[in-house]
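Here's the structure we're looking at; comments come further down.
Remember, it's 1-based here, ligands and their atoms both numbered in the order they're listed.
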Amino acid sequence: MYVCICNGITEEMLETAQKQGLNDREILNRLGVGNSCGVCVIDALDSMRAKTKTAQTQQKHTDSKKIS
Ligand code: FES
C-alpha cells in the first residue's frame, strides 16, 4: 500500500529500509517521504512504529517460548 503518493513510496519500501537498520529519520530522508506535500509523514511514522512494535512482540513471544 502506498504511504507517500507524491514519491511512490510503499509500506513495503519502508519495511525494507527498517530491515536494513535505518532509523525513522534516516528512512524518511533516504526515501524522500514527506519532501513534497508532507501529508504522509505522520502515516509513514505510524506505519514504521507499528511494524517495530509487531516485531518486538513477536521477539518477546519467541523468547518466552525458549525459556519455558
Ligand atoms: S504524499 Fe508524501 S510528500 Fe506528498
key: Per-atom contacts, ligand 1 versus Gly38 - under 4.0 Å to a heavy atom   = 3 (S), 4 (Fe)
request  = Return yes if some donor-acceptor pair links the side-chain N/O of Ser47 with the main-chain N/O of Asp43 below 3.5 Å, else return no.
outcome  = no
key: Element-labelled atoms of ligand 1 that are located less than 4.0 Å from some non-hydrogen atom of Cys6   = 1 (S), 3 (S), 4 (Fe)
request  = Answer yes or no for Cys4: is there an N/O/S atom below the 2.8 Å cut-off from atom 2 (Fe) of ligand 1?
outcome  = yes
query = Under 2.8 Å from atom 2 (Fe) of ligand 1, is there an N/O/S atom belonging to Cys40?
reply = yes
note = dist Thr52:OG1 -> Glu15:CD (nearest 0.5 Å) comes out at 9.5 Å
message = So is Ile5 touching ligand 1 or not, going by heavy atoms under 4.0 Å?
response = yes
message = My understanding is that we take every heavy atom of each candidate and find the minimum distance to atom 3 (S) of ligand 1. Doing that for Ala44, Gly32, Cys37, Gly8, which one comes out nearest?
response = Cys37
Where ligand 1 meets Ser36 - atom numbers and elements under 4.0 angstrom, heavy-atom basis = 3 (S)
inquiry  = Just to verify, which of His61, Gln59, Lys60, Lys65 counts as forming a side-chain hydrogen bond (donor to acceptor under 3.5 Å, both in side chains) with Asp63?
reply    = Gln59
message = Arg30: which residues meet the side chain to side chain donor-acceptor pair (under 3.5 Å) condition with it, sequence neighbours left out?
response = none
Any donor-acceptor pair under 3.5 Å from Asn7 side chain to Ile9 backbone = no
